[in-house]
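First the structure, in the form of structure tokens, and then the observations on it.
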Amino acid sequence: MIELAGLTKRYGEKVAVNNLTFTVRPGIVTGFLGPNGAGKSTTMRMMLGLDRPTSGDVRIDGKHYDQLKDPLSYIGALLDAKAMHGGRSAYNHLLCLAQSNGIPTKRVHEVLDTVGLTAVAKKKAKGFSLGMGQRLGIAGALLGDPRILMFDEPVNGLDPEGIHWIRNLMKSLAAQGRTVFVSSHLMSEMALTADHLVVIGQGRLLADTSMADFIAQNSRSYVRIRTPQRERLLDVLHAAGVTVVETGNGTLEVDGGKSEQIGELAAQHQIVLHELSPQQASLEEAFMQLTAESVEYHAHSDAPSEPQPAWGDAWKGK
Amino acid sequence: MSTPQPSMPQAQPAVPNWQAAGGPAYTGYTSPIPVVRTHLGHAIASEWTKIRSVRSTMWTLGVFVLIMIGIGLGAAALIAANSSPDDLRDQNPLSFGFFGLLLGSMCVITLGVLTTASEYGTGMIRTTMVACPSRGRVLAAKSIVFFTVAFVTTLVSVLLVALADIALLDGADDPTGQEWLKGTLGISLYIALLGLLSLIIGSIIRHSAGAITIMIGVVLAPLVIALFMFSQSLEGVRQALFEYSIPNQLSVFYANSLTDSGPSGWDPLWIILGVTAVAFAGAYALLEKRDV
């Protein structure tokens, strides 16, 4: 169990993590979701005692991280694939970690086998692909057979087979009663693995909810309609008490799953329909709506509607 | 080793009750691996694996031994060929190991810096500190392992060169017990401490090239600057720079010095011991304070 209470981290003027309070419970996969720069990694670094919080507190089973006498058997963490010395072999990398926590050497062979790196155990980490580096990082996290596992963007750089593997790994670890905390910026990925969801944006907590609740609340279903007799259809639907939303590109949207009713109404009034399709808003859209105001680095897909700040303005005050 | 408790501001109205939440309520998973309370010994074993498993260790120490023995034997052979036994009277034969030592110290400095700074360069430091959250313990373990490796390597090289010097230069005096002690044990401790100081600077600077540059500057700059201080009014400064420059302090171990005043006997060892201790305390304080 990981408990955060009012966790805050400031870098000068900039607030990276703002007053986060939530609990990561054992036995389930908790997804930690937020756009790039939301403060996910900073939060994880504070959990692991790497960064000191400006204020607030984070505890692992009731203890501060630096009070843990056998940290690797408490928490296994995959921070990023590059947190290793490239000149050292995979085996020696894991061996020095095992020794620092008094973990038996045979455990090194076991985890190498688990992640499928036994064949390249004596090879230098420098020559590893991103996916192999990620697997080595996961081997390090599993080394102490910990009751809490923390993965920072674990699917980055993995091929589909690797992604499938890590999803199953996380689920099976949680099923054994462990606490699994995994960060991602992909809602679709979380929808497949996480049971619980913590969403942050610009360092603030935006949602702390179960995955099922999040889906129920956010997966809006609606019916999309295209018709050349737009005004007539609007009148008919209005008379029938159906609320219609006009979207910009000439289509109409009706909330709720009422495509049969609309089709029958249109047939009664002999209105031509070019499209009548039930739609489901994706979780990705729901996530983007939730975090829309807190996205730090916007990409401009169309012409900027307001004058662009001068180049370099964004860097001032950093 | 206990680390100071970070202060825990109670700014939040809804701070959970940790005591109530503790206990066996959430031992969701219990590992079959026996739980070990880690101590400094574990960190030392880990650092030993680290230092022996990277190629830069073999390279720097290999070059160090080559320089020490190559230059040591070369100098001895040159002197033996160009001098009569009379020339060598009153000479301490161990002192001809100095040339190799001055150059070789650069290798020890490099290895010392890399032991700490390369972890920052590669990102390994995050993995290290997660595995061992007691930062002071990590620094202590690195220091102990590096110091031991540097000391043993230097002592073996210095002894080999000393034996060769005595065998080749038959006109020279037999070194006294005190000269033996200073010319082998003393100088090896000094070089290992110089390397340890580099390790500490590496931990403070967190950048390999920067820290190596600083250390080479510390070793060579005072002497070079003093060479070009021609003004009479700077005579005092020039004298001090000469006397306390590291090359001069090295040669004090062979009872040679550029001046008649300044450090003598075992003084250089006490000086670098003091400097290293202060730097260690500073590095420890910074390590505790800064984010990894």
Side-chain angles (χ1 to χ4, degrees), chain A residues 1 3 5-6 8 19 21 23 25-27 45 48-53 55-57 59 61-62 64-73 75 77 79-80 82-89 92-93 95-104 107 137 140 144-147 173 176-179, chain B residues 3 5-6 8-16 18-19 21-23 25-39 41-50 52-56 118-119 121-135 138 141 289-292:
Chain A
M1 181 178 285
E3 292 152 301
T8 301
N19 200 4
T21 303
T23 300
R25 293 195 311 276
R45 289 160 56 86
L48 295 168
L50 292 174
D51 287 9
R52 308 279 194 223
S55 65
D57 203 27
R59 304 232 179 181
D61 285 0
H64 284 121
Y65 191 82
D66 60 8
Q67 291 173 318
L68 301 179
K69 293 296 174 196
D70 50 335
L72 289 190
S73 71
I75 293 198
L79 278 183
D80 59 85
K82 282 170 289 181
M84 57 188 70
H85 192 299
R88 200 169 280 132
S89 71
N92 279 326
H93 173 74
L95 179 64
C96 74
L97 285 184
Q99 286 173 326
S100 72
N101 275 248
I103 296 165
R107 189 64 197 148
D145 199 18
R147 64 198 86 164
L173 290 169
Q176 289 166 340
R178 301 183 219 236
T179 308
Chain B
T3 42
Q5 283 273 339
M8 203 176 93
Q10 301 281 319
Q12 291 312 304
V15 172
W18 307 111
Q19 274 70 38
Y26 44 71
T27 47
Y29 174 80
T30 315
S31 168
I33 296 179
V35 168
V36 180
R37 284 177 68 90
T38 56
H39 50 72
H42 293 114
I44 290 176
S46 172
E47 291 300 331
W48 169 241
T49 299
K50 279 190 203 168
R52 71 177 171 77
S53 63
V54 288
R55 201 174 275 174
S56 56
S118 79
E119 290 215 10
T122 57
M124 178 69 192
I125 191 69
R126 294 194 286 280
T127 308
T128 299
M129 291 300 187
V130 167
C132 181
S134 167
R135 300 178 185 180
V138 171
K289 187 169 164 281
R290 292 200 280 193
D291 291 337
V292 173

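All chains are named by letter (A, B, ...) in the order of the sequence lines, taking the proteins before the strands, and each is independently numbered beginning at 1. The basis for the numbers below is simple: all heavy atoms, side chains too, and nothing from hydrogens, waters or symmetry mates.
Of the inter-residue distances, the one linking Ser134(B) atom OG with Asp66(A) atom CG reads 8.0 Å to the nearest 0.5 angstrom. Taking CZ from Arg178(A) and OG from Ser31(B), the interatomic distance works out to 7.0 Å, rounded to the nearest 0.5 Å.
For the pair Lys50(B) and His85(A), the minimum side-chain heavy-atom distance is 4.5 Å or more. Using a 4.5 Å cut-off on side-chain heavy atoms (C-beta onward), Pro71(A) and Pro133(B) make contact.
By number of non-hydrogen pairs under 4.5 angstrom with chain A, the leading residue of Ile44(B), Val35(B), Thr122(B) is Thr122(B). Per-residue heavy-atom pair counts under 4.5 Å with chain A were compared for Val138(B), Thr128(B), Thr127(B), and the maximum is reached by Thr127(B). Chosen from Leu95(A), Asn101(A), Leu48(A), the residue pairing most often with chain B at heavy-atom distances under 4.5 Å is Asn101(A). In terms of heavy-atom pairs under 4.5 Å with chain B, the best-connected choice from Leu68(A), Asp51(A), Ile103(A) is Asp51(A).
Few gaps surround CZ on Arg52(B); more than 12 heavy atoms of other groups in view lie less than 6.0 Å from it.
Using a 4.5 Å cut-off between heavy atoms, Arg25(A) makes no contact with chain B at all. There is no contact between Pro53(A) and chain B, counting heavy-atom distances below 4.5 Å. Within the 4.5 angstrom heavy-atom criterion, only side-chain atoms of Leu79(A), from C-beta onward, approach chain B.
For the pair Met124(B) and Cys96(A), the tightest heavy-atom approach, listed with the atom from each and the gap, is CE-SG, 4.0 Å.
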### Message
Using the rule given for side chain to side chain contact (heavy atoms under 4.5 Å, CB included), can you reason through Arg52(A) versus Asp291(B), listing the C-alpha separation, both sets of side-chain angles and the distance that settles it, and then say yes or no?
### Response
CA-CA 6 Å; Arg52(A) 308 279 194 223; Asp291(B) 291 337; 3.8 Å; yes
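Within the 3.5 Å criterion, the main-chain N or O of Arg88(A) finds no donor-acceptor partner in the side chain of Ser53(B). With hydrogens and angles disregarded, no donor-acceptor distance shorter than 3.5 Å links the side chain of Tyr29(B) to the backbone of Thr179(A). The main-chain N or O of Lys69(A) is found under 3.5 Å from a side-chain atom of Thr38(B) such that the two form a donor-acceptor pair.
Listed by first and then second residue, the salt bridge (charged side-chain N to carboxylate O under 4.0 Å, His left out) pairs involving residues 124-133 of chain B are Asp80(A)-Arg126(B) (not counting sequence neighbours).
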